[in-house]
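Just so you know, these numbers come straight off a predicted model, no measurement behind them.
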Amino acid sequence: MTYGVDRIHEEAAYVAYHFHWPRDQILDLTHAERARWVSEIARINTRLNEG
């Protein structure tokens with residue numbers, strides 16, 4: 001199963017913005033790994049915004 005290039009770019013930009021990881025390192029992650037990091041970043045941001 002594949003998903004859109006726009007979605008890949010959104011995930012990569014989100015992770016890069018928050019963790020400052022290089023593009024190639026982010027794109028080498030599987031979709032599941034990248035999605036997990038996106039979820040973790042969102043969780044961290046939610047916690048910070050609530051506190």
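For His9, there are no ring-ring contact (aromatic ring centres under 6.0 Å, His included) partners two or more places apart in sequence or in a different chain. Evaluation of the side chain to side chain contact (heavy atoms under 4.5 Å, CB included) rule for Arg43 yields Glu40, Arg47 as partners, not counting sequence neighbours.
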Which atom pairs, one a donor and one an acceptor, fall under 3.5 Å between side chains of residues 17-30 and the rest of the protein, sequence neighbours left out?
unit_1 : atom_1 : unit_2 : atom_2 : d
Thr30  : OG1    : Glu33  : N      : 3.1
Thr30  : OG1    : Glu33  : OE1    : 3.4

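With side-chain heavy atoms closer than 4.5 Å counting as contact, directly or through intermediates, the hydrophobic cluster containing Ile44 also holds Leu48.
Applying the salt bridge (charged side-chain N to carboxylate O under 4.0 Å, His left out) test to residues at least two apart or on different chains, the pairs with a partner in residues 6-17 are Arg7-Glu10, Arg7-Glu11, Glu11-Arg34.
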